[in-house]
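Below: one structure, written as structure tokens.
Reckoned from all heavy atoms, side chains included, excluding hydrogens, waters and symmetry mates.
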Number of protein chains: 2
Amino acid sequence: MPDSAPTSSPASAAEVLNLLRSHGGRVTRSRRVLLEVLFAASEHMNAEEIGAEVARVEPAVNMSTVYRNLEELQQLGVVVHTHLGHGPATYRLASAAHPHLYCESCGATFHLPLDIFEELSDTALRTHGFSVDATHFAIPGRCAACSQS
Amino acid sequence: MPDSAPTSSPASAAEVLNLLRSHGGRVTRSRRVLLEVLFAASEHMNAEEIGAEVARVEPAVNMSTVYRNLEELQQLGVVVHTHLGHGPATYRLASAAHPHLYCESCGATFHLPLDIFEELSDTALRTHGFSVDATHFAIPGRCAACSQS
DNA sequence: GTACCTGCAAATCTTTTGCACGACA
DNA sequence: TGTCGTGCAAAAGATTTGCAGGTAC
């Protein structure tokens, strides 16, 4: 299995299944449903939520299968995971990745445009030769409501 | 026990012990040694490393005691913890807190001056009323060496 | 003396892994 | 048919918690 292939972000579950096949993988029920869930998701979902959603269509999918398939899809570059503060990782399609603010007090999250990281990324690259990944961990802090109390 | 008191960062273990006492806490051997370890630390240490270091002076300190005391000190505002990528949290004196870059490939960390976050913090505050905590989670990415390969 | 701390063991939560069986190509 | 995927159960790692006994003040 190759490392994060720079694929041109597949736009449907069917395309990802083809990609899987072309990498020697097999198309199974749980993979098909997992992908449908991910393509239908509007919000971040953690592994358990994804498993629950998959189970609505395909009961008794095991969490280990969910984790293994999410890992597989991450290696194909189709899926990424993000850490929002403490607690379980959240997963989504790589094409939908973006930076987040995460309130450590109430758990609220806010989406940010990628360019908010521009200056920081440039500085990190210039001073340390370091390439910033702005989407893997949320920026923690306190939201407006929680700052007042 | 009060929430994160805005104390004027104590400069020695003895000062923190006084602070503890003034909050109804007691000065115990494990607390004294834990503080000495933290004041002597030049690098980030995770809970296990701290426990090992404490055990050199005071054998058989239990990890649960280490965790409980670290938590206590965080509530007093004396200690903070930082997450460097996946893996255990690292602890240090709040007065020594600063942002980090963390290489997801080799695990190397780089210290950053706080002002590298200035623009991002300003934007988050202006657009979302959000106060960024730049030290709680490291900025992930790839260091210069790992970017080449 | 009493409230607070500690050790010990067990529980927690998320994620990973070993193994034998079942299914896609 | 042979390889790959799955379920199940158990392990893993980091941290938390309940409880009974010990200690600072």
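Side-chain contact between R142(A) and E104(A) is absent, with no heavy atoms from C-beta onward closer than 4.5 Å.
To the nearest angstrom, P of dT15(D) lies 10 Å from CD1 of I50(B). With rounding to whole Å, M63(B) atom CE is found 8 Å from dT15(D) atom P. Rounding to whole angstrom units, NE2 of residue H86(B) and P of dT15(C) are separated by 9 Å. In this structure, E48(B) atom CD and dA12(D) atom C1' are separated by 13 Å, rounded to whole Å. Straight-line distance from the CG atom of N62(B) to the C1' atom of dA11(C): 15 Å, rounded to whole Å. Here the P atom of nucleotide dA14(D) and the CD atom of E71(B) are 18 Å apart, to the nearest Å. Atoms CG (L20(A)) and P (dG5(D)) sit 8 Å apart, rounded to a whole Å. To the nearest angstrom, P of dT16(C) lies 13 Å from CD of E72(A).
Residue G25(A) is in sugar-phosphate contact alone, with no base atom involved, counting any heavy-atom pair closer than 4.0 Å across all strands shown. Among the atoms of the strands shown, base atoms are found under 4.0 Å from some heavy atom of R68(B). Residue N69(A) is in sugar-phosphate contact alone, with no base atom involved, counting any heavy-atom pair closer than 4.0 Å across all strands shown.
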Going through the distances and angles, do R56(B) and E53(B) end up as a salt bridge (charged side-chain N to carboxylate O under 4.0 Å, His left out)?
-> CA-CA 5 Å; R56(B) 288 175 48 168; E53(B) 203 62 27; 3.4 Å; yes
I would like to know whether H81(B) and H44(B) meet ring-ring contact (aromatic ring centres under 6.0 Å, His included); could you show each step before the answer?
-> CA-CA 9 Å; H81(B) 73 268; H44(B) 300 272; over 10 Å; no
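In the set dG5(D), dT15(D), dT14(C), the nucleotide with an atom closest to the side chain of P88(A) is dT14(C).
For T28(A) and dG5(D), the shortest distance from a side-chain N or O to OP1 or OP2 is not below 4.0 Å. Between dT16(C) and S64(A), no contact under 4.0 Å exists linking OP1 or OP2 to a side-chain N or O. Remark: Y67(B) is in phosphate contact with dT15(D), judged by side-chain N or O atoms under 4.0 Å from OP1 or OP2. Applying the 4.0 Å criterion to OP1 and OP2 of dC5(C), one finds that S30(B) has every side-chain N and O outside that range. Taking only side-chain nitrogens and oxygens, R26(B) never comes nearer than 4.0 Å to OP1 or OP2 of dA3(C).
Screening Y91(B), F137(B), Y102(B) for a ring-ring contact (aromatic ring centres under 6.0 Å, His included) involving H83(B) leaves a single residue, F137(B).
Each of H83(B) and R29(B) was assigned the nucleotide of DNA chain D with the nearest heavy atom; the assignment lying further toward the 5' end belongs to H83(B). Mapping R21(B) and N46(B) onto DNA chain D by nearest heavy atom places N46(B) at the nucleotide closer to the 5' end.
H128(A) has its ring centre no less than 6.0 Å from the ring centre of H111(B).
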